[in-house]
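When a ligand or atom number is given, it counts from 1 through the structure's own listing order.
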Amino acid sequence: MKLLVKNCTLDKVKTDCIIVGLFDSYKFSISAEYLNDCSDGYITSLLKLGDIKGKLGEMMLLYNVPKIFSKRVLLVGLGEKNKLTKSSLEEIFKNIIRKLKKISVKNIICSFSEININSENNIYWLIRSITIFIHKFLYKITKINSTTKNSMCFNLIIFNILNKNELLVAQTALKHALAINSGITSAKDINNLPPNICNPLFLSYQAKQLSLRYPDNISVEVIDLEAMKKLGMYAYTAVGSGSKNKPFMSVIKYSGNNTSNKKIALVGKGLTFDSGGISIKPASNMHEMKYDMSGAAAVYGTMIMVAELKLPLTIIGVLAGCENMLGGNAFRPGDVLTTMSGQTVEVLNTDAEGRLVLCDTLTYLERFSPNIVVDIATLTGACVTALGDSVSGFFTNNEYLFDEFNRASKETNDKIWRLPLFPEYQKTLSSSIADFSNIGDSKAGAITAACFLSNFAKKYDWAHLDIAGTAWKSGKNKGSTGRPVELLCQFLLNQIR
Ligand code: BES
Ligand code: MN
Ligand code: ZN
């Protein structure tokens, strides 16, 4: 599927379908008005039938519109003029794709460039959002061993840009969107794989591949079990000890040209399966714990976007791969672990494993002297209880990172909400025989988990995203959402000054 931005003569261009908008109460968009004029008022005559008013969600497919060279015109209701938001635009494109997928439309022109979605730099966000929405609704999970081949249903989508002065910005928007989409799709693909295929070793192979794909900018170092032991990462290795699939931590180092001195690290929790360990999880829905590597998948996807766009930044992406299983070698409730930082942890629940893997990863990162470290993890069920499945938990002690993530979140509609890290919570992590226990009391579980991590993130500015609710959808159509790849990408794009 190819996507282009162009300035076209709408009536003369030959495609399978032109998409234009109609605002509420029969108000034409500029593009719809143009087609109406070209066809001597044909659209006006149809509107008199009253089948479509321009309300949000309405659609009418027209064939053989007089003097229009394209085969079809899809008239799409946009609701009240100037009230359109990114979320309503998303709904609109969900409907458009659903409709066009059913008929044999291959080439499309979307003439929406005059539409205002209430953001600064309107044309940029319009083209970027639409491109990402289209890919989102066309994404299909690759079935294992299935004979059905995934093929894209469209060949060509052209975004018609009415104002020639906006072509350059539209071009940039499309370029960014395609790179972000590569990131989102790669994150989804790897996250959707079953845990017997996508284990920690597999994750590290995928990371290694990036250095072959982007040899100029990416190098990858993989830390295996032996190396972890030498480094003293005994919290990380304890989590992996119950599994035959050994832990692997992949360090993806990206360096662009003309970079500033700022170093940013992204750490993804990569539990390719979390059974809970000896503190085993209930059987129902345990299969969904293959998504406990969503953080790593998001980091992997984000690194792809960064490399595609050759961003002028220095970024370290870490996939903290591990599997939490039961076995004769498994770590137990009661164990006391010495972390790489030297601080000790009493294990009270082996299912609170993400923080054990992450705490050593956070310490490991100190050797690169990063300015900013952001970890991304499906860390707690408590976060899902607190914020549901559309908002990720956000934690930081740094106001700059709070502002920057808020900004990126608003721009991308990838929602986050900040939860506090007050010292009161820290007290619940006390242990009689170690520096910390690995769980707090039964309350505020998302916060106590974040507080635990904060003890290992003192050497740099740090933020933590709990994506337990947002990274995947459960149920019959279960699957990775690709979140928060766009948020991370936008955060990074905004760091280029
Ligand atoms: N991976 C889970 C968190 C999780 C739960 C993600 C449900 C998505 C959906 C994590 O390792 C875990 O098991 N956390 C425990 C912590 C508890 C033992 C303190 C939890 O949330 O129950
Ligand atoms: Mn767990
Ligand atoms: Zn987990």
Side-chain angles (χ1 to χ4, degrees), residues 191 195 198-200 203 235-236 238-243 245 247 267-298 319-326 330-335 345-361 375-393 395 419 425 428-429 431 436-453 464-475 478-481 483-484:
N191 207 11
C198 183
N199 56 35
L203 255 190
Y236 195 143
V239 174
S241 61
S243 174
N245 295 315
V267 181
K269 173 176 173 183
L271 267 284
T272 56
F273 188 69
D274 175 16
S275 68
I278 302 294
S279 314
I280 192 168
K281 286 181 182 293
S284 64
N285 295 329
M286 198 202 270
H287 64 277
E288 290 191 342
M289 279 302 133
K290 71 169 184 176
Y291 294 116
D292 211 15
M293 50 157 286
S294 300
L319 317 185
C322 196
E323 187 175 48
N324 188 18
M325 294 292 269
L326 303 79
F331 75 132
R332 337 159 177 70
D335 284 358
V345 182
E346 181 185 11
V347 177
L348 295 183
N349 190 320
T350 62
D351 198 11
E353 86 297 337
R355 62 198 79 181
L356 296 174
V357 166
L358 290 175
C359 72
D360 277 344
T361 309
D375 78 73
I376 303 101
T378 46
L379 203 63
T380 64
C383 190
V384 194
T385 306
L387 296 174
D389 55 14
S390 45
V391 181
S392 305
F395 303 83
L419 295 171
Y425 296 107
T428 69
L429 292 166
S431 159
F436 312 107
S437 67
N438 79 327
I439 55 171
D441 56 26
S442 59
K443 302 181 288 274
I447 298 175
T448 53
C451 281
F452 179 91
L453 292 179
H464 157 63
L465 279 161
D466 194 331
I467 58 168
T470 52
W472 82 90
K473 293 189 306 277
S474 38
K478 65 175 185 289
S480 173
T481 60
R483 284 179 69 181

closest protein heavy atom to atom 19 (C) of ligand 1 is Ile439 CG2, 3.4 Å
Near Glu353 (heavy-atom distance under 4.0 Å), the atoms of ligand 1 are 11 (O)
Output for pair (Ile278 CD1, Leu326 CG), nearest 0.5 Å, gives 4.5 Å
For this session: Determine, stepwise, if the pair Leu429 / Cys451 fulfils side chain to side chain contact (heavy atoms under 4.5 Å, CB included).
Result: CA-CA 8 Å; Leu429 292 166; Cys451 281; 4.0 Å; yes
The reported gap from CZ in Arg355 to CD1 in Ile439 (rounded to nearest 0.5 angstrom) is 7.5 Å
Atom 6 (C) of ligand 1 has as its nearest protein heavy atom Ala468 CB, 3.6 Å
To the nearest 0.5 Å, atom CZ of Phe452 lies from atom OG1 of Thr428 at 11.5 Å
Those residues at least two apart in sequence (or on a different chain) that pass salt bridge (Lys or Arg N to Asp or Glu O under 4.0 Å) with Asp360 are none
A student checking ligand 1 against Thr380 at a 4.0 Å heavy-atom cut-off should list atoms 3 (C), 21 (O)
Using heavy atoms and a 4.0 Å limit, tell me yes or no: is Glu288 in contact with ligand 1?
no
To the nearest 0.5 Å, atom CZ of Arg483 lies from atom CG of Leu465 at 10.0 Å
- Query: Would a distance-only check, ignoring hydrogens and angles, find a side-chain to backbone donor-acceptor pair under 3.5 Å from Thr470 to Ser392?
  - Reply: no
When distances are taken from atom 21 (O) of ligand 1, the protein heavy atom at minimum range is Gly381 N, 2.7 Å
Those residues at least two apart in sequence (or on a different chain) that pass side-chain hydrogen bond (donor to acceptor under 3.5 Å, both in side chains) with Ser275 are none
If we number the atoms of ligand 1 from 1 as shown, the ones under 4.0 Å from a heavy atom of Thr378 are 1 (N), 2 (C), 3 (C), 6 (C)
- Query: Where do Asn245 and Thr272 land on the side chain to side chain contact (heavy atoms under 4.5 Å, CB included) test, with the steps shown first?
  - Reply: CA-CA 10 Å; Asn245 295 315; Thr272 56; over 6 Å; no
Among non-hydrogen protein atoms, atom 14 (N) of ligand 1 lies closest to Leu379 O, 3.5 Å
With heavy atoms and a 4.0 Å threshold, my read on which part of Asp292 contacts ligand 1 is side chain
Self-check item: Side-chain donor-acceptor contact under 3.5 Å, Asn191 with Ser294
Solution: yes
Checking heavy atoms under 4.0 Å, the part of Met293 that sits near ligand 1 is neither
Filtering Val357, Asn349, Thr448, Leu356 for the heavy atom nearest atom 18 (C) of ligand 1 leaves Asn349
Among Asp351, Thr350, Leu348, Asp274, the residue with a heavy atom nearest to atom 15 (C) of ligand 1 is Asp351
Per-atom filter on ligand 1: closer than 4.0 angstrom to a heavy atom of Lys269 are 1 (N), 10 (C), 11 (O)
| message | Is a donor from one side chain sitting under 3.5 angstrom from an acceptor on the other, for Thr380 and Asp466? | response | yes
the protein heavy atom lying closest to atom 7 (C) of ligand 1 turns out to be Met289 CE, 3.6 Å
Please check: side-chain N/O of Ser279 versus main-chain N/O of Gly276, any donor-acceptor pairing under 3.5 Å? no
Nearer than 2.8 Å to the Mn ion (ligand 2), the protein contributes N, O or S atoms numbering 4
The reported gap from CZ in Phe395 to SG in Cys383 (rounded to nearest 0.5 angstrom) is 5.5 Å
Closest to atom 16 (C) of ligand 1 among protein heavy atoms sits Arg355 NH2, 3.8 Å
Return the orientation label for the Tyr291 and Trp472 ring planes: parallel under 30°, perpendicular over 60°, tilted otherwise. parallel
### Task
Decide whether the shortest distance between a heavy atom of Trp472 and an atom of ligand 1 is less than 4.0 Å.
yes
Practice prompt. Show your working on side chain to side chain contact (heavy atoms under 4.5 Å, CB included) between Met289 and Asn324 and close with a plain yes or no.
Written response: CA-CA 10 Å; Met289 279 302 133; Asn324 188 18; over 6 Å; no
NZ (Lys290) and CG (Leu271) are apart, to the nearest 0.5 Å, by 15.0 Å
**Message:** Check this for me: does any side-chain nitrogen of one of Lys269 and Asp292 sit under 4.0 Å from a carboxylate oxygen of the other?
**Reply:** yes
Would you say the side chain of Ile376 lies within less than 4.5 Å of the side chain of Pro484, judging by non-hydrogen atoms?
-> yes
Under 4.0 Å between heavy atoms, the region of Leu271 that gets near ligand 1 turns out to be neither
Protein N/O/S atoms closer than 2.8 Å to the Zn ion (ligand 3), ordered by chain and number, come to Lys269 NZ, Asp274 OD2, Asp292 OD2, Glu353 OE2
